[in-house]
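Worksheet for the structure shown next.
The chain is numbered in sequence order, starting from 1.
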Amino acid sequence: MEKTGAASGASGIGRRRFLGYVLAAPTLATAADLGTASGAAADGIPSGDITDIVDLNDVMTLAARPTANLIKVVVHTDGTVSFALPRAEVGQGITTSTAMLIAEELDVPLDRVRVTLADARPELVFNQLTGASNTTISTFTPVRVAAATARGRLLETAAIELGALVTDLTLKAGVVTDTAGRSIGIGELAGKAASTTPRHVLVELKERDEFTVIGTPRNRIDALAAVTGRKKFAMDLQVPDALPTMVCRPPTLNGRPGPVTNLDQVRAMHGVTDVAVVSTGVAVRARTFGQCIDAVRALRVTWKAGTAEGKSDASVLKELRAAELSLGLPAPAPSVEETFTFHFRSNSALETNCAIADVRPDRAEIWSGLKAPIVARQAIAAKLGLPPGAITVHVTESGGSFGRKLFFDAALEAAEISQRIGKPVKLMWHRADDSRQGRTHPMATSRVRATYLGGSVLSYRQRHTSVATDLSHGLGEIFTALAAKLPVGDIGFSETFFQLSQSMPYDFGLHSRLLAETDKGFNTGSMRGVYSPDVTCARELIVDRLAAKTGKDPLRFRRDALRDERSKAVVDAVAQAGDWGRAMPGGTAQGIAFHSEYHAVSAVLVEIDCRPGTVNRPVRDGVAGPRVTKAVIAVDVGLAVNPRGLEAQMTGCLMDGIAQALTSSLHLRDGHFLEASWDNYFYTRQWNTPPELEIIIMPTTTGEPGGAGELGVSASMAAVACAYGRATGTMPTTFPINHGTLSFTPKPTVPPIPASPTDGLDHVR
């Protein structure tokens with residue numbers, strides 16, 4: 001049964017009964033009417049945490065409800081059903097899970113549901129932001145209500161056409177059949193079921209035990225197109241006259257272009273059509289991207305200082321320590337205390353930053369993978385000096401995000417270039433641009449003090465200090481975006497974001513957490529949980545230390561301290577499946593960690609090999625280091641719409657966690673990052689992936705989906721860190737663990753783009 005409260009519908013109609021709209025349209029179109037949002041229900045046992053009452057995901061869900069009636073399900077005369085999803089598909093599989101919701105309530109085959117991505121729609125206000133694992137939570141009810149409304153209208157129309165009672169009709173696989181065996185397809189009914197005026201109707205959603213699609217493992221609806229190369233990303237689109245474009249960028253972060261000594265010579269290079277100085281560098285438009293690379297490397301630019309001039313890892317760490325908030329006076333009880341350091345990490349996704357722009361004197365059209373398209377549209381309008389209504393922003397599918405697509409740097413830059421040269425452009429950042437000038441997870445420290453007496457924790461305090469996280473996307477619209485940029489309001493916005501996205505799952509007596517920020521000179525952004533991986537990793541390491549101090553096994557200590565049965569159940573699941581406590585050779589160990597977020601819980605058990613033969617194994621221009629040899633992940637998301645998609649998500653989360661714990665970081669030196677490609681930015685490689693992996697999807701508990709997109713990252717990172725500490729006998733305090741080893745020769749920053757490699761065949765094995 002659906003919960004009452006936030007998911008119960010307008011005016012308390014009931015657990016399963018909702019109001020829907022039949023919209024005025026030439027073919028059947030329906031939407032949900034969820035009315036005024038009610039308060040969010042608390043999960044678990046109250047502990048004084050604000051997230052026990054309302055968390056960031058609740059805020060986003062409640063904010064989206066008033067415009068839920070503006071997203072619609074459309075039934076077409078060919079028997080297909082379409083839905084323009086106001087979220088961004090970045091590989092997480094939400095187009096598939098959304099199609100499953102529609103197929104379930106409308107009783108149509110999954111392969112006849114077409115889910116596309118909606119263009120920027122300012123009227124949706126807070127309803128077009130992709131982040132905080134919120135998509136399925138916030139769309140679960142409105143999409144189902146819209147589909148159920150369509151189903152009801154189709155049955156009513158079929159009753160008229162067949163001369164039968166609605167109660168004598170069944171709708172299955174897109175066909176309505178009466179008791180006499182007569183049938184009619186929904187395509188034939190679509191036009192007749194349409195309405196000339198909006199109509200309110202009462203609908204009833206299916207009970208959970210009636211589900212035949214939701215909760216069943218399904219392949220992604222875009223899988224075949226992806227593996228056959230037919231899936232279309234921004235750079236695959238053929239926009240007339242939009243030619244390849246790249247930018248020559250400064251050698252330090254956010255530098256600005258000065259004089260260019262050879263503009264005319266570069267303009268005359270083969271294939272080059274345009275060269276123009278823009279705010280971020282010098283843009284080159286050519287017939288091919290290869291010609292763009294040649295031209296960018298040939299440019300001779302005098303650069304002005306950037307916003308991180310002269311800074312290094314050491315100098316930023318000094319700033320962070322100076323900005324740390326006090327933990328207060330030590331308590332008289334025994335305590336454990338530690339400060340953890342987390343280095344910069346790249347938000348570079350598999351698909352580099354890119355966009356297409358066609359700017360005319362009176363209008364502009366943009367194509368890009370965007371998770372906050374409303375803010376992007378408004379910012380582009382301001383940049384171009386055009387009214388927002390003159391800007392059309394198309395959201396394209398994206399090859400990954402890591403939070404990168406919350407920002408629209410490429411779309412804004414492409415618009416500026418197109419306006420400057422007066423021609424359409426297909427802008428693509430080089431991989432080096434992504435690493436050196438793109439968005440990064442900010443460097444941070446986390447200081448923790450916990451007091452204990454006997455077997456109980458009396459208090460827990462955590463002070464997280466970070467290079468400022470850019471949250472200027474706000475909650476997806478201009479008002480909160482502006483608030484996040486205010487000189488005074490930004491730390492308040494960040495602190496609110498921090499408090500609403502963190503929780504304390506353990507019964508640790510008096511506890512508090514605070515955020516401090518410093519240094520706005522870096523291009524930062526949200527990255528797979530924003531603050532959670534670092535905060536959770538620090539906490540779980542301290543939990544291991546507390547377990548040792550109180551003489552308890554790390555698993556037993558966690559289980560005894562966790563505040564609810566759902567949390568204990570996932571810990572029990574990984575412990576049993578992973579054979580926790582088994583005898584292991586010296587230099588190897590198990591680690592376990594727990595993380596909760598957005599009404600979902602997760603536990604991860606890993607085994608790690610830190611023996612010299614493993615740590616020192618040779619890897620060309622890379623760091624091998626310890627290897628995670630086994631991982632078990634258990635997740636309870638309440639209701640998994642697509643268990644197969646959830647398994648894929650958790651696999652990706654594990655790889656993120658391994659990377660952030662062991663190998664994945666940027667090295668800052670003299671105002672720039674040394675990494676310039678994925679060949680020297682060490683996201684988890686095949687040699688560090690566990691040969692043994694098991695993912696456990698717990699049975700449905702709450703009956704509604706919880707946050708799943710980033711759920712496994714924090715616990716995975718923490719479990720690896722805890723395992724490393726147990727295997728080596730020394731708790732790690734700097735992450736990633738291998739940050740101190742620079743295993744490659746840094747590429748020059750001038751020219752900014754390295755030469756294309758020519759020795760690929762030399763390294764084929």
Side-chain angles (χ1 to χ4, degrees), residues 43-44 51 55-58 60-61 87 90-94 97 130-140 215 400-403 441 500-505 526-537 539-540 558 562 564 566-571 573-574 577 592-606 631-661 684 693-702 704-721:
D43 262 6
T51 51
D55 63 23
L56 179 64
N57 206 300
D58 293 327
M60 295 175 65
T61 301
R87 299 291 192 277
V90 292
Q92 76 276 49
I94 57 173
S97 57
T130 309
S133 304
N134 180 252
T135 294
T136 303
I137 293 177
S138 64
T139 62
F140 182 69
S401 175
F402 299 117
H441 190 286
L500 290 177
S501 61
Q502 303 305 306
S503 64
M504 170 49 73
S526 307
M527 179 181 171
R528 301 241 62 190
V530 196
Y531 305 105
S532 295
D534 297 352
V535 170
T536 299
C537 183
R539 184 195 71 216
E540 293 295 300
R558 284 175 171 81
L562 285 168
D564 62 77
R566 287 180 70 201
S567 301
K568 293 177 182 180
V570 292
V571 169
V574 296
I592 194 167
F594 174 84
H595 176 69
S596 58
E597 65 179 26
Y598 310 140
H599 311 296
V601 295
S602 63
V604 176
L605 180 152
V606 303
V632 181
I633 304 172
V635 293
D636 180 345
V637 298
L639 169 65
V641 174
N642 184 5
R644 185 167 294 156
L646 181 57
E647 288 180 7
Q649 283 283 77
M650 293 306 105
T651 302
C653 287
L654 173 66
M655 300 311 153
D656 287 341
I658 293 172
Q660 295 192 50
T684 303
L693 171 61
E694 182 178 357
I695 296 169
I696 303 167
I697 309 298
M698 302 295 282
T700 295
T701 49
T702 68
E704 295 175 349
E710 301 157 336
L711 177 62
V713 178
S714 300
S716 295
M717 180 184 182
V720 174

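V530 and S526 make their closest contact through CG2-CB, 3.6 Å (heavy atoms, listed as atom of the first residue, atom of the second, distance). Of all heavy-atom pairs spanning S501 and T51, the tightest one is N-CG2, 4.5 Å. In terms of heavy atoms, I137 sits closest to G707 at CD1-N, 3.3 Å. Closest of all the heavy-atom pairs between V606 and A719 is CG2-O, 3.4 Å. The two atoms that bring A593 and A718 nearest to each other are CB-CB, 3.6 Å, heavy atoms only. Of all non-hydrogen atoms in G712 and S716, the two that sit nearest each other are O-OG, 2.6 Å.
Distance check: H599 NE2 to D636 CG gives 12.5 Å after rounding to the nearest 0.5 Å. In this structure, L693 CG and L654 CG are separated by 6.0 Å, a value rounded to the nearest 0.5 Å. The CG atom of L56 lies 4.5 Å from the OH atom of Y598; values are rounded to the nearest 0.5 Å. Taken to the nearest 0.5 Å, the CD atom of E647 stands 5.0 Å off from the CD1 atom of I697. Rounded to the nearest 0.5 Å, atoms SG (C537) and CD (Q660) are 9.0 Å apart. Between atom OG1 of residue T135 and atom CD of residue Q92 there is a gap of 6.0 Å, rounded to the nearest 0.5 Å.
Proximity of V635 to Q649: side-chain heavy atoms (C-beta onward) are nowhere separated by under 4.5 Å. By the 4.5 Å heavy-atom criterion applied to side chains, T536 and E597 are not counted as neighbours. Counting only heavy atoms from C-beta outward, the side chains of E540 and H595 never approach each other to under 4.5 Å. Looking only at side-chain heavy atoms (C-beta outward), I696 and V632 come within less than 4.5 Å of each other. No side-chain heavy atom of L646 sits under 4.5 Å from any side-chain heavy atom of N642. Annotation: side chain of V637 is not in contact with side chain of P705 (no heavy-atom distance under 4.5 Å). Using a 4.5 Å heavy-atom cutoff, the side chains of F594 and V570 are in contact. Between R87 and S138 there is a side-chain heavy-atom pair separated by less than 4.5 Å.
Distance alone, capped at 3.5 Å, is enough to place a donor-acceptor pair between the S133 side chain and the E710 backbone. In this structure, the side chain of R528 engages the main chain of G709 through a donor-acceptor pair within 3.5 Å. Although no hydrogens or angles enter the test, the distance criterion places a donor-acceptor pair under 3.5 Å between the side chain of D58 and the main chain of D55.
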Go through the steps to decide whether T651 and M655 satisfy the test side chain to side chain contact (heavy atoms under 4.5 Å, CB included), and finish with yes or no. CA-CA 7 Å; T651 302; M655 300 311 153; 4.2 Å; yes
Tell me, with the steps shown, if V571 and L562 meet side chain to side chain contact (heavy atoms under 4.5 Å, CB included). CA-CA 10 Å; V571 169; L562 285 168; 3.6 Å; yes
Run M717 and D656 through side chain to side chain contact (heavy atoms under 4.5 Å, CB included) and show every step you take. CA-CA 8 Å; M717 180 184 182; D656 287 341; over 6 Å; no
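Under 3.5 Å, the side chains of S532 and Q502 contain a donor-acceptor pair of N or O atoms. Side-chain atoms of T702 and R566 include no donor-acceptor pair closer than 3.5 Å.
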